[in-house]
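Keep in mind the model is a prediction, meaning the values are calculated, not measured. Below, all heavy atoms of this structure are taken into account, side chains as well, without hydrogens, waters or symmetry copies. Per chain, numbering begins at 1; letters A, B, ... match sequence-line order.
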2 protein chains.
Amino acid sequence: MEFDRGLLGGSTILMVLSLLHEKDMYGYEIIKELDSKSGNMFQFKEGTLYPVLHRMENLSYVKGYRKEAENGKERKYYSITAEGVKQLEAERKKWKSFACSVNMVIGGMAYGSEGV
Amino acid sequence: MEFDRGLLGGSTILMVLSLLHEKDMYGYEIIKELDSKSGNMFQFKEGTLYPVLHRMENLSYVKGYRKEAENGKERKYYSITAEGVKQLEAERKKWKSFACSVNMVIGGMAYGSEGV
DNA sequence: TATTATACATAGATAACCGAGGTATAAGGA
DNA sequence: TCCTTATACCTCGGTTATCTATGTATAATA
């Protein structure tokens, strides 16, 4: 991770939900996807992501299921739930509102205000 | 605080440095200023801000000094140091880069890319 | 053969923020 | 007068998030 631990906080679930909203994915795949989609900015450690996925499953945002891959190896896929979709929308709003507020304080442009 | 603890992480020092770059301020004043500048989004608790100021002083980003107010009460003002100004620039870049990366992952616009 | 990539998982350390509490003064209303 | 609110500083303990390190196992590659 290139950023301080701090900055990540709170945006992790938003990003994972975003990815799972597009298609079902397994843990390792999510890590790679976050890496590439962020322009190599977010290199999540496994020790970070797996506990997050378990937490999200406990919260009923996602549901995990085992599926065999072509190579015969079993992977644990996650799919977003209706609850998770609702949460995704809430987190997206929260993120926009947060980013907008930070920018107001530090004197950046009022990005995000259109969605708040 | 309206946001999850998580989201704040890492942006606190950036925002405080931003305010102190404009003028010297004391703790309580910073809390009020963050509140008003953010459109009442950031209501920092004293239990959050004071330790942050102490940490920043330890890191030599700011320097505290006591000054008497008109009413005779003594306040602890903080002024940003040269080190702090450098840090401010670094944190500003980091924030833009971070916000941009999150938006790329969640499919928002590429805000911040111009400054990265 | 050794290393790297894939793929899952947990335990302990570290750090950040918050809630709650403490101290003290001053102003304003009941 | 008393009580509440605002100002103004501070610390302790709890919760939570992330990282490091470690463990397991297989397959591909050097």
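The side chain of B:Arg75 has D:dC9 as its nearest neighbour among D:dC9, C:dC18, D:dT11. Of the candidate nucleotides D:dT18, C:dA7, C:dC18, C:dC18 has the atom nearest to the side chain of B:Thr48. When each of C:dC18, D:dT20, C:dA9 is scored by its nearest atom to the side-chain atoms of B:Lys45, the top-ranked nucleotide is C:dC18. Closest contact between the side chain of B:Arg55 and the listed nucleotides D:dC10, C:dC17, C:dC8 involves C:dC17.
Distance alone, capped at 3.5 Å, places no donor-acceptor pair between the A:Ser97 side chain and the A:Lys93 backbone. Side-chain atoms of A:Asp35 never come within 3.5 Å of backbone atoms of A:Ile31 as a donor-acceptor pair (strictly under, hydrogens ignored). Proximity of a side-chain donor or acceptor of B:Gln87 to a complementary backbone N or O of B:Tyr61 within less than 3.5 Å is not detected.
For the contact set between residues 22-36 of chain B and DNA chain D, defined by any heavy atom under 4.0 Å, the members are B:Tyr26, B:Gly27, B:Tyr28, B:Lys32.
By the 4.0 Å N-to-carboxylate-O rule, B:Glu89 lies close enough to B:Arg92 to be salt-bridged with it. Ion pairing between B:Glu33 and B:Lys23 fails under the 4.0 Å rule for side-chain N and carboxylate O.
A distance of 12.0 Å separates CD of B:Gln43 from OG1 of B:Thr48, quoted to the nearest 0.5 Å.
Contact check, A:Thr12 against D:dT18: a side-chain N or O comes under 4.0 Å of OP1 or OP2. The shortest distance between the side-chain N/O atoms of B:His54 and the OP1/OP2 oxygens of D:dT11 is below 4.0 Å. Within the structure, every side-chain polar atom (N or O) of B:Arg66 is placed at least 4.0 Å from both OP1 and OP2 of D:dC9.
Residue A:Tyr28 comes nearest to A:Tyr50 through the heavy atom pair N-OH, 3.6 Å, listed as atom of the first residue, atom of the second, then distance. Between B:Tyr26 and B:Lys76, the shortest heavy-atom distance links the atoms CB-O, 3.1 Å. When all heavy atoms are compared, the tightest approach of A:Glu91 to A:Ile13 is OE2-CG2, 3.9 Å. A:Val62 and A:Leu53 make their closest contact through CG2-O, 4.1 Å (heavy atoms, listed as atom of the first residue, atom of the second, distance). In plain terms, the two heavy atoms of B:Thr12 and B:Phe44 that are nearest each other are CG2-CE2, 3.5 Å. Taking every heavy atom of both residues into account, B:Ser38 and A:Val105 meet most closely at CB-CG2, 3.8 Å.
One atom, CD of B:Glu57, and another, C1' of D:dC10, lie 14 Å apart when rounded to the nearest Å. As rounded to whole Å, 18 Å separates atom C1' of D:dC9 from atom CZ of B:Phe44. At whole-Å resolution of the value, OH in A:Tyr50 and P in C:dC8 are 4 Å apart. Between the CD atom of A:Glu68 and the C1' atom of C:dC8 there is a distance of 15 Å, rounded to whole Å. Atom CG of B:Leu49 and atom C1' of D:dT11 are 14 Å apart (whole Å). In this structure, A:Asn58 places its CG atom 12 Å from P of C:dA9, rounding to the nearest Å. The CD-P distance, from B:Glu74 to C:dA26, rounds to 13 Å in whole Å.
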Nucleotides 22-28 of chain D: protein proximity per nucleotide (B base, S sugar-phosphate only, - neither; heavy atom, under 4.0 Å): ----B--

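Each end of the helix from C:dT1-D:dA30 to C:dA30-D:dT1 gets its own rotation axis from five pairs of C1' atoms, and the angle between them is 10° to the nearest 10 degrees.
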